[in-house]
Structures are given as C-alpha cells and as structure tokens.
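Here it is, the structure, as structure tokens.
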Amino acid sequence: MMILLTCSSKDFNAYRLIFIFGLGLIGRSIVSSLRNPASLLYKLEFPYSWIDFQAQKSHQKSIINYLLKFKENAGQSKITNINFIWSAGISVFSANSKELKNELISFKNTIDFFEAIQTIFNKANFSFHLISSAGGLFEGQCNVNSNNTPNPLRPYGLFKLEQEHFLISKNLDSNIFVYRPSSVYGYSGLAPSRLGLINVLIQHAVRYKVSTIYAAMHTLRDYVLVNDIGRFIANNTFSPSLSHKVFILATGKPSTILEIIRKIETTVGRKLYIRYIPNDMNSANNSYSHKILPDGFNPTDIDTGIRKIYMNSISIKHS
C-alpha cells in the first residue's frame, strides 16, 4: 500500500503532495506526524505491490492517472512540492541476500516512478526521503561520529548501503535525504515478531508472557523512539534542511539489554519473564556520539519513551 497526503496553502493556490511507501513502524509514525498540520486536506490509499512487479506497474499507472486528473482539476492552482518517502521493507535485520533481492528491485522501480512523475510536474520542487539503517551500516562500531564510515557486516546492511548509493548515483533533479535511524522502538499494532526488543518486552510484560532474548545481556545499543523519527522527517518535508543530506537519528546514549530489562521492570512494577539464549550474531555493540545528531532532532530519553509505550500498551489492552 502507498499513502498520498495532499496539503494546501492558506489560499488554496498551491499544493504539496507527499507519497509514503511502506506503513511499518516508521511509516505509520511519519503519517501520524504529517496528519497534524492545518494545511492537510486529505489522505488517499493506493495499492502498491512490493513483489509482483507487473502489478506494481499497473498500480503506478493508476496513480499517474489520478495525478493527471488532479492536475487538470487544480486549474490555476499549482503543485509546488512533491515528496517521496521510502520507508518500505519487509525483511528483518537477519535477512539473507535472496530475501533482499526483490526489495531492491522494488526500490529501483519506485525511483523510475519518481522520475516519471517529475516529467509530469516539471515545475515543482521534488524531494526523495530514504529511510536507511544506522544499525545495519555501523554494526559493531561504537561512539559513531562524522569520521566513521559504513562497514556493513551482514546482507541487510549491504542492501541498505546499496539503496543509498543507487539513489545518489541517479543524480535526480531533486533534494535527496537519507535517514539512518539506530534501534527503533515505539508502540504499534503490528505483530511483536516484526518489532524490536523494547516493544516485545513491553507487550509480553502486559500479557505475562515469556520473552526470548538472543543476544548478550551487556550488548550496547542506542534505542530511539519512533515518534521522534516520524516528527523529524515530517518537519523536513515542509522545511527541508539545506545543511545536511544524511542524518543519523539516534539518542547519543546507549543502553545494555540488561539495563533495558531493569527499566521496563521498574515501569511495570514487577519482574519480567525472560529466557536468555546467547547468540554471537546479535551481540555486537553499537553506539553513537551525540555530536553527530542533526539540528532540530530532539530525542526522547529512554525512561520517558518506555513509559509512553507501556501506557499505550495497557490502554489498548483495557479498551
């Protein structure tokens, strides 16, 4: 599925179109943040296949037909800004190369789609926003700063880096923004198996279920609240930064898995049920210097973030 948000100027003589591909944890948060501005007119949903590329072409054609009608009905009003936000992806951190192949094809096809829309609205300002992965690119590196370079250790990281390189190499006549979030957490209605450590621990705590952890208890990770990511990207679609093109979205304050467990236990007021299975593949430390965080990105501290997710979880359970 693809979401199209249409925003207008106060006098309705100009429009901004925002295409959002992918409605996972980050995609939903971006949509939620973008629905707040007073300029938002409406939200439309379009089918958009990720694996059936023949169907994908048909979906793209339908979207273009809609845009042509929209352009005709707009009359003298102008479509001044068009944003593509790519937050799609069904593969997990441990995915292999074969699983990632189709995702890369789908991404490249969408870049071609982006260029096709540029020809229709050749006077509009275009921006492409790619959600990449700091954890995938800098796995095993600590206190990452501007001097660090990506060095992926597994296929998922190589895939994310290839996405970035392909997007930049296209030399699109548009603004290009790449977001590299660290370990993302936040409340979502998605299945726990598709979520990260904090989400799983909290959801299992609420349901008195056992959580299985495949990592070392003292592994360091930087956990960033998805609401902060969604808000930052949404703001960047309206007031894009000219001084940065690639953003590390983290907190600058790493936590061990054991520390996270203790914080959640403090929040819920009891011990969690934990089954621990050591796994060297998931035990690499990863942290970021606060100096690398972009201006305007104000991450929520981990204690506050955990409380927010817990309160959301119990309110849904008892509603």
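In what follows, every heavy atom counts, from backbone to side chain, and hydrogens, waters and symmetry copies are set aside. Note that the coordinates shown come from a computational prediction; the quantities given were computed from them, not determined experimentally. Residue numbers count from 1 along this sequence.
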Closest heavy-atom pair, His218 versus Thr256, reported as atoms and distance to 0.1 Å, is O-CG2, 3.8 Å
| request: Rounded to the nearest 0.5 Å, what's the gap from CG on Leu158 to OG on Ser97? Could you check? | output: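 Rounded to the nearest 0.5 Å, the CG-OG separation comes out at 7.5 Å.
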For residues 275-315, the ring pair (Phe, Tyr, Trp, His ring centres under 6.0 Å) pairs (sequence neighbours left out) are Phe232-Phe297
Just by distance, no angles: are the side chains of Glu164 and Ser132 close enough, under 3.5 Å, to form a donor-acceptor pair?
yes
Value for CG (Leu130) from CD1 (Ile168), rounded to nearest 0.5 Å, stands at 8.5 Å
Between Ile198 and Leu220, is there a shared hydrophobic cluster once you connect ILVMFWY residues whose side-chain heavy atoms come closer than 4.5 Å?
no
Handout entry: N/O donor-acceptor pair under 3.5 Å between Arg221 side chain and Ala284 backbone
Key =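 Yes; judged by distance alone, with no hydrogens or angles, the pair exists.
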**OP:** Evaluate side chain to side chain contact (heavy atoms under 4.5 Å, CB included) for Cys7 paired with Phe238, printing each intermediate quantity in order.
**Re:** CA-CA 10 Å; Cys7 302; Phe238 286 91; 3.8 Å; yes
With no hydrogens and no angle check, just 3.5 Å: does a side-chain donor-acceptor pair link Thr212 and Arg275?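 A donor-acceptor contact under 3.5 Å links the two side chains.
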- Message: Looking at Asp222 and Ser182, would you say the former's side chain and the latter's main chain have a donor-acceptor pair under 3.5 Å?
- Response: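 Not a single qualifying donor-acceptor pair exists.
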Heavy-atom side-chain proximity of Lys160 to Leu137 below 4.5 angstrom:
yes
*Please confirm whether the backbone N or O of Gln54 pairs with a side-chain atom of Ser58, one donor and one acceptor, at under 3.5 Å?*
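No, Ser58 side chain to Gln54 backbone: no donor-acceptor pair under 3.5 Å.
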Do side-chain atoms of Arg35 reach the backbone of Leu5 as a donor and acceptor pair under 3.5 angstrom?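 No, Arg35 side chain to Leu5 backbone: no donor-acceptor pair under 3.5 Å.
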Checklist entry - Between Ile306 and Ile202, is any pair of side-chain heavy atoms under 4.5 Å apart? => result yes
Any chance the side chains of Asn227 and Ser29 put a donor and an acceptor closer than 3.5 Å?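 No, no side-chain donor-acceptor pair sits under 3.5 Å.
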Legend entry - Between CG on residue Leu258 and CE on residue Met217, distance to nearest 0.5 Å: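 These two atoms lie 6.5 Å from each other.
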Ile260 side, atom CD1; Ile302 side, atom CD1 - distance, nearest 0.5 Å: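 Rounded to the nearest 0.5 Å, the CD1-CD1 separation comes out at 4.0 Å.
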Aromatic Tyr187 / basic Lys308 pairing, under 6.0 angstrom, 45° off normal | no
Ile274 with Ile277, same ILVMFWY side-chain cluster at under 4.5 Å: no
Legend entry - Charged tip of Lys108 within 45° of Phe166 ring normal and under 6.0 Å: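 Flagged: Lys108 positioned over aromatic ring of Phe166.
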Result block: side-chain N/O donor-acceptor pairs under 3.5 angstrom for residues 142-150, not counting sequence neighbours:
unit_1	atom_1	unit_2	atom_2	d
Asn145	OD1	Asn147	N	2.8
Asn148	OD1	Asn145	N	3.0
Asn148	ND2	Gln141	OE1	2.7

- prompt: Which of these passes ring-ring contact (aromatic ring centres under 6.0 Å, His included) with Phe107: Phe114, Trp50, Trp86, Phe53?
  reply: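 Looking at Phe114, Trp50, Trp86, Phe53, the match for Phe107 under the ring-ring contact (aromatic ring centres under 6.0 Å, His included) is Trp86.
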Side-chain donor or acceptor of Asn286 paired with backbone N/O of Phe138 under 3.5 Å:
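Here the side-chain-to-backbone pair exists.
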For this session: May I ask whether Leu4 and Ile64 are part of the same hydrophobic cluster, defined by side-chain heavy atoms of I, L, V, M, F, W, Y residues being less than 4.5 angstrom apart, directly or through others?
Result: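 Leu4 clusters together with Ile64.
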**Q.** Ser33 to Gly230 - nearest heavy-atom pair and separation
**A.**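 Here Ser33 and Gly230 meet closest at OG-C, 3.4 Å.
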Worksheet item: Within a strict 4.5 Å, meaning less than it, do heavy atoms of the Leu17 and Leu67 side chains meet?
Response: yes
Under 3.5 Å, is there a donor on one side chain and an acceptor on the other for Asn83 and His129?
yes
For the pair Glu259 and Lys253, find out whether any cationic side-chain nitrogen is under 4.0 Å from an anionic carboxylate oxygen.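 Yes.
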Just wondering, do Leu225 and Tyr185 contact through their side chains at under 4.5 Å, heavy atoms?
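In short, these two side chains touch, coming nearer than 4.5 Å.
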Are side-chain heavy atoms of Phe21 and Ile85 found at a separation under 4.5 Å?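 SC-SC contact between Phe21 and Ile85 ruled out.
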Ring-plane angle category for Tyr208 and Tyr273, please: parallel below 30°, perpendicular beyond 60°, tilted otherwise. tilted
| query | When you measure from the side chain of Thr267 to the backbone N and O of Lys263, does any donor-acceptor pair fall under 3.5 Å? | reply |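 Yes: the side chain of Thr267 pairs with the backbone of Lys263.
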### Query
Would you call Asn125 and Ile82 a side-chain contact if the rule is heavy atoms closer than 4.5 Å?
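Heavy-atom side-chain distance check fails, nothing below 4.5 Å.
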Task: Donor + acceptor pair across side chains of Ser106, Gln56 (<3.5 Å) - done: yes
#### Entry: Residues Glu115, Lys170; criterion side chain to side chain contact (heavy atoms under 4.5 Å, CB included); working and verdict
CA-CA 10 Å; Glu115 291 184 290; Lys170 290 290 288 185; 3.4 Å; yes
Check your understanding: Roughly how far apart are Leu68 CG and Ile63 CD1, rounded to 0.5 Å?
Key ->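 Answer rounded to 0.5 Å: 12.0 Å.
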In this structure, CD1 of Ile229 is separated from CD1 of Ile30 (nearest 0.5 Å) by 8.5 Å
Residues Ile20 and Ser87: closest non-hydrogen pair is CG2-OG, 4.2 Å
- prompt: Would Val178 and Lys245 satisfy side chain to side chain contact (heavy atoms under 4.5 Å, CB included), going step by step from the backbone distance to the final call?
  reply: CA-CA 6 Å; Val178 176; Lys245 297 296 182 183; over 6 Å; no
Please check if the side chain of Arg28 supplies one atom and the backbone of Leu23 the other of a donor-acceptor pair under 3.5 Å.
->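 Present.
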Scanning both residues in full, the closest heavy-atom pair of Thr300 with Asp228 reads N-OD2, 2.7 Å
- Might you point out which heavy atoms bring Ile309 and Gly186 nearest each other, and give the distance in Å?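 Looking at all heavy atoms of both residues, the closest pair is CD1-CA, 3.4 Å.
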Ring centroid separation for Phe19 and Phe46, is it under 6.0 angstrom?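 They do not qualify: ring centres at least 6.0 Å apart.
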Is there a path of hydrophobic side-chain contacts, each under 4.5 Å between heavy atoms of I/L/V/M/F/W/Y residues, joining Phe70 to Leu41?
yes
For Asn122, look at atom CG and say whether over 12 heavy atoms of other residues, nucleotides or ligands are found less than 6.0 Å away.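 For Asn122, atom CG is crowded (more than 12 foreign heavy atoms under 6.0 Å).
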When every non-hydrogen atom of Ile257 is compared with those of Ala215, the smallest separation belongs to CD1-CB, 3.6 Å
Distance-only side-chain donor-acceptor flag, Asp301 / Thr304, under 3.5 Å = yes
Q | Polar contact flag, side-chain donor to acceptor under 3.5 angstrom, Glu139-Tyr156 | A |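 No.
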Check the orientation of Phe84 and Phe128. Use parallel for under 30°, tilted for 30 to 60°, and perpendicular for over 60°.
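The arrangement is tilted - the two ring planes meet at 30° to 60°.
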### Query
Are Leu272 and Ile264 side-chain neighbours, meaning at least one heavy-atom pair lies under 4.5 Å?
yes
Check your understanding: Backbone N or O of Ala14 within a donor-acceptor pair of the Thr80 side chain at under 3.5 Å?
Key -> no
The test is side chain to side chain contact (heavy atoms under 4.5 Å, CB included); show your working for Val31 and Lys43 and say whether it passes. CA-CA 9 Å; Val31 171; Lys43 180 184 84 169; 4.2 Å; yes
Open item on the list: Could you check whether any side-chain heavy atom of Tyr179 comes within less than 4.5 Å of a side-chain heavy atom of Ile233, counting everything from C-beta outward?
Closed with: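 Yes, their side chains come closer than 4.5 Å.
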- Task: Give a yes or no on whether Ile120 and Ile111 share a hydrophobic cluster (residues Ile, Leu, Val, Met, Phe, Trp, Tyr; joining criterion: side-chain heavy atoms under 4.5 Å apart).
- Result: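 Both belong to a single hydrophobic cluster.
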